[in-house]
Student: 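To start, I am sharing the structure in question, which I have written as structure tokens.
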Amino acid sequence: MIRSLRRLVRPTPLRCQVSLEERMACGFGACLGCAVKTTDSQGVTTIEGCAARVRFLTSVNCLKSDTTVKKGSLL
Amino acid sequence: MKSDKRSAEAVGLGVKIGPLELKNPVMTASGTFGYGLEFEPFVDLSRLGAVVVKGLSLEPRPGNPPPRIVETAGGMLNAIGLQNIGIRAFIQEKMPHLRQLGVTVLANIFGETIDDYRRVAAMLDTVAGIAGMEVNISCPNVKRGIAFGADPDMAADVTQKVRRETKLPLIVKLTPNVTDITEIAFAAEAAGADAISLINTVTGMSVDIETRRPRLANVTGGLSGPAIKPIAMRMVWQTAQALKIPIIGAGGIRTAADAIEFLIAGASAVEIGTANFINPSVTIDVRRGSKNTWLPPSDQTHERFDRFTDDWLSG
């Protein structure tokens, strides 16, 4: 669903933020249990963790061409 | 707060782990406390005996793909994959603030090769504010495919190589996933460790019967939490019997009573890990609990425990 959203939003000037669910332990960014792999606008793979979620980040900048969302994080 | 400090000093919670002097026996378990700073809103970090930070490697590591954790009965499995920002980023980005807060920092380190361990130790040796190092030998030796800590000779080799790089207090953290942990502990002691901490996680697995797949992307992970406390207790007791150097006990500690159990079994200090995820202030809570039921220093409790078991066993 999030991939569909991304496909929809990509050709437009709209910015898009997604919240990705994953099992959590500490819930405040310390344990790295819920980290999700993302590729940012520079194509750099980073690990976005729980703190990002709490702030509703893991922002996928849909304006840039090479952002991806790792499959495992969608469930 | 103020009266708490006065009482703690009066009771005398200070412990000595070889050359390392701690204000109290409560430490954090590596991997459960980030770089310490994540817990600032919940804990006055300078009040803890020590903060053992997330395991540091030469280069930053992204860790394993998700899912990385799963709750189990009385604990959890984790396969984080030793994700960390790398030693350089830790020194540059985290240490200044930790120094400013007056935290007793123990740097947990690991490597994929013995040379990695050596290089990380060498880099940390000159950093102001590092009170000591804890060497994680539970990670796999990429060349041999088994954990460094699974083989006494490898454990001794890592310890020796790290020992040469630093005069800082050196703690070696053992994995329970071995046949005889005292063998490994003995080797590390002989190779120059100042203290032994145990246990690390117990290798485990969980399967989802709906999907018929492992719940962890990595398939296996490390079990931690109250479920492993009896295993940790047994290993602490065995190791304390066999070794001369101090033992630091870890494994499922949630309360001051748990901590005292480990002290009675022969530990001089404890590490609290998984419990931090349920109560981020657990370290301070345990420290407060401990001060009311304090026991004499570990070498004396060791003697008392010996006498107790001897009497009991001789009927």
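On a predicted model such as this, the values are computed, not experimentally measured, just so you know. Every chain is numbered from 1 and lettered A, B, ... according to where its sequence line falls, protein lines coming before strand lines. Computed from heavy atoms alone, side chains included, the values below leave out hydrogens, waters and symmetry copies.
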Student: Check B:Glu38 against A:Ala30 and note the closest heavy-atom contact, atom names and distance.
Tutor: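 That would be CB-CB, 4.0 Å.
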Student: Using heavy atoms and a sub-4.5 Å threshold, report which of residues 70-77 of chain B line up against chain A, by residue number.
Tutor: B:Val70, B:Met76
Student: Do the rings of A:Phe28 and B:Phe42 sit parallel, tilted or perpendicular, given the 30° and 60° boundaries?
Tutor: tilted
Student: Can you tell if the side chain of A:Arg23 reaches within under 4.5 Å of the side chain of B:Arg215, non-hydrogen atoms only?
Tutor: yes
Student: Measure the spacing between SG of A:Cys26 and CD1 of B:Ile69 and express it to the nearest 0.5 Å.
Tutor: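 The distance works out to 8.0 Å.
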Student: Identify the heavy atoms of B:Lys54 and A:Leu32 that sit nearest to each other, and give their distance.
Tutor: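 That would be NZ-CD1, 4.2 Å.
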Student: So for atom CZ, which belongs to B:Arg99, do other residues, nucleotides or ligands contribute more than 12 heavy atoms lying within a distance under 6.0 Å?
Tutor: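 More than 12 heavy atoms, drawn from other residues, nucleotides or ligands, come within 6.0 Å of this atom.
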